[in-house]
Amino acid sequence: MRTPYEERKYQEALRFVKGMEKRSSIVQRKSKVIQTTMNNWVPERIHKVVSGSVKQMIELSLTGSHYIYPIQVKDAWTLKEREEQVKERLKYYKRTAALEGAGTGAGGIVLGVADFPLLLSIKMKFLFDTARIYGFSVEEYEERLFVLHVFMLAFSSDEKRKEVLRRVLNWSNEKETIKDVDWKTLQLEYRDSIDFVKMLQLIPGFGAFVGAWANTKLLEQLAETAQNAYRLRLMGY
């Protein structure tokens, strides 16, 4: 039987799922068209940085310990206690992302390009910490795959999001059929989902404000997705 807190968070997670199943708003769809157009204006070297960064991120996530840092996790923690810990980790990573975004944004296109791999690393470290706080072992290959699917869920288009959501919600069955992640599709989905605000970050001076704000919002978006995904796994969807 769930505690009042657990029931509240379970219902919150169900609302999140319904929201993910809905089509994006007309504003978001129009933004997607703008982003697609902007892709033709973005220098090829930036696309290469994003593609290379995503590929490296996936390789490190699946095979190494690059994103695993010492944190204290107790098996006896309640869901509420775990989420308090996640909240504290989010504060830390948001500050880090904001400082990094402001610093690289102030430098215009040269430092702005460097922001993509740096922000990816911050996001993955947060996801690995979150998985462990919720009680899942990121030492296991299957859990690392789940982490990557949570990442994909947070930054996918309407069409791709439904497919990824189905996998996340049925992970106990899906994990047996998924052996790897299509990094090319992932980098395209990720790039298109953040292009509009991140391209503004490449403007010298103005980019500092945009970088700090955008990085913070992207961490919040990722955190909401991760928390609801792990809530449903823990409480049985």
Side-chain angles (χ1 to χ4, degrees), residues 6 9-10 12-14 16-17 20 53-90 92-93 96-97 117 119-156 160-187 189-190 218-237:
E6 290 171 343
K9 293 304 175 181
Y10 180 71
E12 185 177 315
L14 293 180
F16 171 81
V17 170
M20 294 293 279
S53 299
V54 172
K55 184 177 181 180
Q56 182 183 44
M57 176 268 284
I58 291 177
E59 291 173 345
L60 289 172
S61 298
L62 294 177
T63 62
S65 58
H66 186 74
Y67 301 120
I68 302 177
Y69 287 79
I71 60 172
Q72 185 183 43
V73 179
K74 297 182 180 179
D75 293 337
W77 277 344
T78 63
L79 178 64
K80 184 177 182 179
E81 290 171 327
R82 292 180 190 279
E83 300 209 322
E84 287 173 349
Q85 292 294 319
V86 171
K87 185 177 180 180
E88 289 303 310
R89 298 308 293 168
L90 178 60
Y92 167 76
Y93 283 113
T96 303
L119 181 59
L120 267 175
S121 179
I122 292 170
K123 287 175 178 177
M124 292 311 298
K125 289 174 183 175
F126 169 74
L127 280 180
F128 269 61
D129 284 0
T130 299
R132 287 188 290 165
I133 290 172
Y134 275 105
F136 296 93
S137 174
V138 291
E139 300 289 347
E140 299 176 7
Y141 183 81
E142 291 174 350
E143 287 305 325
R144 293 180 181 221
L145 272 178
F146 185 80
V147 166
L148 286 173
H149 277 77
V150 170
F151 182 89
M152 292 171 67
L153 185 59
F155 303 111
S156 290
K160 192 67 179 179
R161 185 171 63 238
K162 292 179 181 179
E163 176 188 340
V164 178
L165 180 63
R166 175 183 58 78
R167 290 180 177 179
V168 168
L169 295 179
N170 298 281
W171 189 250
S172 59
N173 295 321
E174 292 290 332
K175 66 182 180 181
E176 302 299 331
T177 62
I178 302 171
K179 300 302 179 183
D180 211 339
V181 174
D182 182 353
W183 72 267
K184 290 185 178 180
T185 298
L186 175 53
Q187 70 92 1
E189 293 288 329
Y190 176 69
L218 289 169
L219 256 296
E220 291 175 349
Q221 179 179 335
L222 183 63
E224 180 186 19
T225 303
Q227 282 194 278
N228 284 299
Y230 283 111
R231 285 168 181 167
L232 292 172
R233 282 191 72 187
L234 282 175
M235 292 185 281
Y237 176 75

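Given the structure is predicted, the values throughout are model-derived calculations rather than measurements. The chain is numbered in sequence order, starting from 1.
One N or O on the side chain of D182 and one on the backbone of T185 form a donor-acceptor pair closer than 3.5 Å. The main-chain N or O of G135 is never found under 3.5 Å from a side-chain atom of Y230 such that the two would form a donor-acceptor pair. Side-chain N or O atoms of E174 include none that pairs as donor or acceptor with a backbone N or O of V168 at under 3.5 Å.
Put simply, OG on S61 and NE2 on H66 are 9.0 Å apart, with the number rounded to the nearest 0.5 Å. The line from CG of N170 to CG of L165 is 9.0 Å long, rounded to the nearest 0.5 Å. For the atom pair OG of S156 and NZ of K162, the computed distance is 13.0 Å after rounding to the nearest 0.5 Å. Atom CG of N173 and atom CD1 of I178 lie 10.5 Å apart (nearest 0.5 Å).
Electrostatic pairing of K80 and E83 does not count as a salt bridge here, judged by no charged N lying under 4.0 Å from a carboxylate O. Looking at E81 and K74, no side-chain N of the basic residue comes within less than 4.0 Å of a carboxylate O on the acidic one, giving no salt bridge. Salt bridge annotation for E84-K87: absent, with no cationic side-chain nitrogen under 4.0 angstrom from a carboxylate oxygen.
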Note to self: Does F151 form a side chain to side chain contact (heavy atoms under 4.5 Å, CB included) with L120? I'd like the steps, not just the answer.
What the structure shows: CA-CA 10 Å; F151 182 89; L120 267 175; 3.5 Å; yes

Item checked: F16 and E12: CA distance, side-chain angles, deciding distance, side chain to side chain contact (heavy atoms under 4.5 Å, CB included) verdict -> CA-CA 6 Å; F16 171 81; E12 185 177 315; over 6 Å; no

Next item on the list: For side chain to side chain contact (heavy atoms under 4.5 Å, CB included), just list the numbers for V147 and F136, CA-CA rounded to whole Å, side-chain angles, deciding distance to a tenth of an Å, and then say yes or no.
Entry: CA-CA 10 Å; V147 166; F136 296 93; over 6 Å; no

Next item on the list: Check step by step if side chain to side chain contact (heavy atoms under 4.5 Å, CB included) holds for L148 and M124.
Entry: CA-CA 9 Å; L148 286 173; M124 292 311 298; 4.0 Å; yes

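A donor-acceptor pair shorter than 3.5 Å can be found between the side chains of K125 and Y69.
Between L222 and F155 the shortest side-chain heavy-atom distance falls below 4.5 Å. Contact of the R167 side chain with the L153 side chain is not registered, since no non-hydrogen atoms from C-beta on lie closer than 4.5 Å. Looking at Q85 and I71, their side chains never come closer than 4.5 Å, going by heavy atoms from C-beta outward. For the pair L145/K175, no side-chain contact is recorded, criterion being any heavy-atom separation below 4.5 Å from C-beta on. Taking the side chain as every heavy atom from C-beta outward, D180 and L62 approach each other to under 4.5 Å. A 4.5 Å side-chain heavy-atom check between L90 and T130 finds every atom pair outside the cut-off. Contact check for R161 versus M152: no side-chain heavy atoms found under the 4.5 Å cut-off. With contacts defined as side-chain heavy-atom distances shorter than 4.5 Å, the pair E224/E220 does not qualify.
In this structure, R233 fails the cation-pi test against Y134, since its NZ or CZ atom is not both closer than 6.0 Å to the six-membered ring centre and inside 45 degrees of the ring normal.
Taking each heavy atom of I133 and R82 in turn, the nearest pair found is O-NH1, 2.7 Å. Of all heavy-atom pairs spanning L60 and R144, the tightest one is O-NH1, 3.9 Å. Closest non-hydrogen pair, A13 versus N228, comes out as CA-OD1, 3.1 Å.
For Y92, the OH atom sits in a loose shell: 12 or fewer heavy atoms of surrounding residues, nucleotides or ligands are nearer than 6.0 Å. Crowding of E6 atom CD: a count of heavy atoms from other residues, nucleotides or ligands under 6.0 Å exceeding 12.
Ring geometry for F126 versus Y93: interplanar angle over 60°, hence perpendicular rather than tilted (30 to 60°). Using bins of under 30°, 30° to 60° and over 60° for the plane-to-plane angle, the ring pair F128/Y67 lands in the tilted bin.
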